[in-house]
Amino acid sequence: MSSRRRRLGEGPGASLGEALPLERKLELYHWMRLTRTLEERLVALYRQTKVVGGLFRSLGQEADAVGSCYALEARDVMSPLIRNMGAMLVKGATPVEILKQYMARGDSPTRGRELNIHFGDLGEAGKTRGFLGQISPLGDMVPVMAGVTLTFKMRGEDRVGLVYVGDGATSTGAFHEGINFAAVQKLPLVVIIENNGYAYSTPTHKQTAAKQFVDKAIGYGVYGEQVDGNDVLAVYDCTKRAVDRARAGEGVSLLEFMTFRRKGHAEHDNQSYVQPGEVEGWAADNDPIDRFVRVLVDREKVPQATLDAIDARIAQEVDAATDVAEASPLPQPLDALVGVYADPPSERPLWYREGADVSALGTERAEGWGTWDASKGAPR
Amino acid sequence: MSSRRRRLGEGPGASLGEALPLERKLELYHWMRLTRTLEERLVALYRQTKVVGGLFRSLGQEADAVGSCYALEARDVMSPLIRNMGAMLVKGATPVEILKQYMARGDSPTRGRELNIHFGDLGEAGKTRGFLGQISPLGDMVPVMAGVTLTFKMRGEDRVGLVYVGDGATSTGAFHEGINFAAVQKLPLVVIIENNGYAYSTPTHKQTAAKQFVDKAIGYGVYGEQVDGNDVLAVYDCTKRAVDRARAGEGVSLLEFMTFRRKGHAEHDNQSYVQPGEVEGWAADNDPIDRFVRVLVDREKVPQATLDAIDARIAQEVDAATDVAEASPLPQPLDALVGVYADPPSERPLWYREGADVSALGTERAEGWGTWDASKGAPR
Amino acid sequence: MPEITYLEAIREALDEEMARDPNVFLIGEDIGAFGGAFKVTDGLMAKYGEPRVIDSPISEIAIVGAAAGAAHMGMRPVVEMQFIDFMANAYDMLTNYVATARYRAFLGCPMVVRGPSGGYVRGGPFHSQNPEAGFIHTPGLKVVYPATAEDAKGLMKAAIRDDDCVLFFEHKYLYRRIKGVMPAGDHVVPIGKARTAREGTDLSIITYAATVHKSLEAAEQLHAEHGLSVEVIDLRTLAPLDDQAIFATTRKTHRVLVVHEDTRTGGIAGEITARISETCFAHLDAPVLRVTAHDIPLPYAPALEDFVLPQVQDIVTAALRLAAW
Amino acid sequence: MPEITYLEAIREALDEEMARDPNVFLIGEDIGAFGGAFKVTDGLMAKYGEPRVIDSPISEIAIVGAAAGAAHMGMRPVVEMQFIDFMANAYDMLTNYVATARYRAFLGCPMVVRGPSGGYVRGGPFHSQNPEAGFIHTPGLKVVYPATAEDAKGLMKAAIRDDDCVLFFEHKYLYRRIKGVMPAGDHVVPIGKARTAREGTDLSIITYAATVHKSLEAAEQLHAEHGLSVEVIDLRTLAPLDDQAIFATTRKTHRVLVVHEDTRTGGIAGEITARISETCFAHLDAPVLRVTAHDIPLPYAPALEDFVLPQVQDIVTAALRLAAW
Ligand SMILES: Cc1ncc(C[n+]2csc(CCOP(=O)(O)OP(=O)(O)O)c2C)c(N)n1
Ligand SMILES: Cc1ncc(C[n+]2csc(CCOP(=O)(O)OP(=O)(O)O)c2C)c(N)n1
Ligand SMILES: [Mg+2]
Ligand SMILES: [Mg+2]
């Protein structure tokens, strides 16, 4: 049987999540808290109009991003979506990078070219952190990650890929073509559907007639599991199993994480379309951090002070990162001309651009600009 | 349960196909034989280089096209693929039309604009025959038929749509987006996957990792069945059930017909990639016409002479149609300029086209040219 | 009549056409109860009910294809792309299926594909595109791109009534910044006709969409500071191009500047230049010049976006050079 | 060295590059054991084995996307579109993902997307397309379209070695009709350089792909029958355009005819005309004229296809008008 699926709660045997040593569980706590704290800081900066463009929250979904990405090794590659800042942090993206990105700074990871968390660091194992920046058109990262993992397979590298899609993105042709291709090629790829109930304003029953997204696994001939996305240990458990399968050459897995988007699609969206009480219900009963705190304090007997200390450290880290980001330079207009192609390394300013300092350009390019060099990794 | 599926042979209860009265069974025989005879004539014309472009056979798949389309009512709409000439004949396309199309004649259904059986007759029930011409990019007809059937639903018309895709076409984004949309909207649409073992040279195991295509039904939340595609009565049975479901408002069905493409992708293809003996095996044991002849003669006690008479009538019909088609006019170059838009009704010839009779054009258009008029149906 | 915004004008057109013709329906992502990402369709589901306003899955191929199928059957679908950038996902369906349907199959595709387009809003590379050039190149499609609220309404009504597929680009920078008073009655602006946004005699600026406003500003400045009389032609329709208007202004001023927000290479300015060259060569006192975006995916940081996109000052600079030719 | 066909020249380039660089691999529909619909990749799976020649499902989005992912990791994928027309299905992936990768993410996409293109073969509307204009409009992509067997080989080798994505259009009419003797050694033709296919002084024809041969025929006829000396420039690369070659021939003959097989409106001729106008206005003794296909989806009946596509006689007629200006 190449396809199996499991319902919420019916875990097969001992949980790999439960079995994690306490210090690793505290790491999970750390990443979830950092995600939330950093997002809260971004909200503050957004309200101060220091964020350029929209702000996308993952409030209430931190377990899903963090727990899954935590199942990867450093050499593995992950491709996040807009609500996977937590996964990026786990993979080594820094608060400073994220803050600079959101503030469109000149020394941000994309130098002000791309939005919010659309950035990556991809390349050789050991030299790069192994995450790939998304683009906006939904579903496209699935074929691209099929290509990344195809390379692992062709080269016999012991690396696994993980790609997230939302419930909404499963409706795209790109998702379908990508997962089907990966399945046929038996690539070491884990595809995670974050079912958070909505795609923008569209509820899942307007997105698919399937009873559950994991039912798609059998149609692609891949392994499937569904899991409580707000239980960080269960998420880890489920993802780890899929990652292990991938690493063992057993091909693609399709995982469905059940969660809920507690904020609007972006900060401007007041969620008028959500049923009354739905958000409040999830916040009260099913906050992934609250749930995990209970596990840590009640079951694992972690003193509250230990968690408070982590929180305090994170608050400090985010403060410091904010200071760095706020002090960082804005992009220089002429930098817009650099790096569309490897050759020519830069465009010339259009003739009517009086004052454009053409001499600054020529065909020379600044170090690390424009072209990605595998031996150096992406510019930080 | 919105999804069910059935394996080859395990029919649920009495077969609607077996229950057909004999004269209707003889109609099925007629359409299958006409399909084969007409294709054989096309092969002869192809060898005489009277066919413009490629020739695509459905040899060994006649039951699948004919049996399924026969389950539709006259008011229903069907969208064929390249191997569904049989379905088009059932829906009222004439041998003359098909021959003229293949020979690119000026009074062919597309006036020499489109290839082979890429033509249709779509519009109001009663006024049109209800089939929609395909385009080459595979999968695209699924969304389009979703739109056609959406109209039936919006208007409360008692009409059903049927669209064919090959095993290969299931890999396209268009197929996925189209069937998913239709499923969510619960449209009266039957989607048939003709699994004939190959997409051009590509065997199905390189097309999908699923064990069977019908497994995709559950992932779309639609009703699914798999059937022996070379058993015309079983095909009818299975399709009729899906059509009845659609008509009753129960939404989309996904049917998988198991069959085999006994000729190359097109006439030029020598099928070097097929396993030795595979074609011969299907020809010897599983020819849909031979099988149905046995049913008719052995079980239904139809005298062979009755079948011979049908065959003779068809041979005559195809001969006569060939004469008409061969005598039909070639397209007039200036007709190329007519009907890209409703307004303007024609393009002007480019200035360097000396001798182009511009005066013949103007803004007047010939009757029935250029614009489809629902009250008249497509030009024949 | 009160002033309404460009966005409201589009909504008014949709509303009036839905009221007029029961075959008109809307389909797109989040356009129903939510009213669309920019609220263009706000209130229309409440007014016309669910069957006439369809919230679709995230499936641009499907919604364009379904619209085509419905259009064949006599419906008049209006498709919203949440951002026009995602039209790229339906490129095959639009260019191969929809554009050719009438010609190859005698099937009409009376449908509109509309959506927020264009930059100057810090939208970054995938929420700022101007993909019109990729479509004016496709026989069988019509393309409009209004610059005023009046035209937004009148062209939308014309687009819905057109018997062919019309791509309707709405400039999101103008959505709430531009207002107008709608002419009374059934206000329909014919597709294929340009508009003289400002009369002038010394040189012509041919443009459309957001850069109409930049060009008008530049024209004002050129007049005030340099005494130049600049004619500004707002194309409004990009396919079919209004050759008569283009040639008339060329013959009048003998100097033409084409301005567009789209990238330079392969943008529409090239086509316009070629047509002018072919037809009005003897009337030209200077080369046709182009002010466009740089050939770069649009970056989102304000300083970068402003550098890449054409600005008023660029138009002034180019116009002065042209005037001095 | 024996003569080989345009098609064999492409195969030879693929073969040599696969032998040279283990990162080069092929992906597409039916390209493996079957050798591709036109047999371009015939024998390469037998020679290099399955991992380096991948038969894909019918999934243009997936194969382009997968190629991009592999290219990021240092591979050099060569994607076959079974017909170039189906590139439309991957338009989003090509224009939004691939073209922008270096700019927005500093990720190289060294990949080639190649396939049989063009008409004159009774292929009908979906097997005859020339979609180059839709892509030269996209910053980040390179586009080549060779007319000779030598260039087919040399440009393919350059394309595979290029650090960016190159769209490689192969004219299927030329596949087996055009032959050439390959230069010895590692024959690489640089991307971005046009070729003078025929020297002349009275007027210039700027063209590429199949119409290079039609133009050469026309030039011969113009010489023989009218004593005209016609220069023919074969662009070879369409993005980036070889401005220097375009301007040089313009300054030499002062009369330019642009010929392409693609439809007229929005075709590349417009861009070329605009560049000439901007840069060489004073050198023009006549307008830049265009010979192109009619703006029509290509019909397949011979009489119709021949009418819609540019023919030798059209070029002669247009050249005579230009010469007489
Ligand atoms: C192809 C495409 N169409 C439309 C959009 C616009 N869009 C951006 S996010 C979004 C909703 C995504 O929903 P989902 O996939 O469920 O992810 P979530 O936001 O819930 O995490 C939409 C429609 C897009 N980005 N890409
Ligand atoms: C989007 C797209 N890609 C590629 C092709 C080229 N092509 C035409 S038919 C074919 C194989 C189709 O196989 P299948 O769907 O199984 O149908 P069959 O020929 O077996 O009936 C291919 C690859 C196409 N028509 N459309
Ligand atoms: Mg969601
Ligand atoms: Mg098949």
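Residue numbers start from 1 in every chain, and the chains themselves are labelled A, B, ... in the order their sequence lines are given, proteins ahead of strands.
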**Q.** Under 4.5 Å from a heavy atom of chain D, the part of A:L187 involved
**A.** neither
Q. How would you list, by chain and number, every residue that makes a side-chain hydrogen bond (donor to acceptor under 3.5 Å, both in side chains) with D:R11, sequence neighbours excluded?
A. none
Q) Given a strict heavy-atom distance threshold of 4.5 Å, which part of D:I191 is in contact with chain A: side chain, backbone, both, or neither? A) neither
**Q.** Under the side-chain hydrogen bond (donor to acceptor under 3.5 Å, both in side chains) test, residues paired with D:K193 that sit two or more places apart
**A.** none
Q. Measuring heavy-atom distances to chain A, does D:D164 have an atom under 4.5 Å in its side chain, in its backbone, in both, or in neither?
A. side chain
Q: Evaluate the side-chain contact (heavy atoms from CB on, under 4.5 Å) criterion for residues A:R155 and D:M75: first the C-alpha distance (whole Å), next the side-chain angles of each, then the deciding distance (0.1 Å), finally the verdict.
A: CA-CA 10 Å; A:R155 291 189 176 151; D:M75 302 297 288; 3.4 Å; yes
**Q.** Residue, of D:S56, D:A67, D:G69, that accumulates the most heavy atom pairs under 4.5 Å with chain A
**A.** D:G69
**Q.** Heavy-atom side-chain contact between A:W351 and D:E278 under 4.5 Å
**A.** no
Q: Give every residue pair that meets the ring pair (Phe, Tyr, Trp, His ring centres under 6.0 Å) criterion with at least one member in residues 122-166 of chain A, sequence neighbours excluded.
A: A:F119-A:F131
(Q) Which heavy atom of D:N96 sits nearest to which heavy atom of A:P137, and what is that distance? (A) ND2-CG, 3.9 Å
Q: For residues A:G173 and D:I61, report the shortest heavy-atom separation together with the two atoms involved.
A: C-CD1, 4.0 Å
Q.
Is A:M145 in contact with chain D via its backbone, its side chain, both, or neither, using a 4.5 Å heavy-atom distance?
A. neither
Q: Return the minimal non-hydrogen interatomic distance between A:D343 and D:K142, and the atom names on each side.
A: O-NZ, 2.8 Å
(Q) Around atom CD of A:Q332, are there more than 12 heavy atoms from other residues, nucleotides or ligands closer than 6.0 Å? (A) no
Q) If you count heavy-atom pairs under 4.5 Å between each of A:I135, A:L150, A:L132 and chain D, which one has the most? A) A:I135
Q | Segment of A:A336 engaging chain D (4.5 angstrom heavy-atom cut-off) | A | both
(Q) Looking at every heavy atom in both A:T151 and D:A70, which two are closest together, and how far apart are they? (A) OG1-CA, 3.3 Å
Q: Give the member of A:D140, A:N180, A:V184, A:V142 that has the highest number of heavy-atom pairs under 4.5 Å with chain D.
A: A:D140
Q: Tell me, with the steps shown, if D:I54 and A:Q185 meet side-chain contact (heavy atoms from CB on, under 4.5 Å).
A: CA-CA 9 Å; D:I54 298 176; A:Q185 291 288 329; 3.3 Å; yes
Q.
So A:L122 and D:M73, do their side chains get closer than 4.5 Å, heavy atoms only?
A. yes
Q: Taking the six-membered ring of A:Y341 (Phe, Tyr or Trp), confirm whether the NZ or CZ of D:R102 is under 6.0 Å from its centre and within 45° of its axis.
A: no
Q. For D:Y103 and A:R113, which heavy atoms make the closest approach, and how far apart are they?
A. O-NH1, 2.9 Å
**Q.** Worked verdict on D:T100 versus A:E114 for side-chain contact (heavy atoms from CB on, under 4.5 Å)
**A.** CA-CA 10 Å; D:T100 65; A:E114 248 286 29; over 6 Å; no
Q) Does the pair D:I27 and A:F181 meet the rule for a side-chain contact (heavy atoms from CB on, under 4.5 Å), with working shown? A) CA-CA 12 Å; D:I27 181 166; A:F181 175 80; 3.6 Å; yes
Q | Contacts with chain A made by residues 19-26 of chain D (heavy-atom distance under 4.5 Å), listed by residue number | A | D:N23, D:F25
Q. Of all heavy-atom pairs between D:A62 and A:P143, which one has the smallest distance, and what is that distance?
A. CA-CB, 3.8 Å
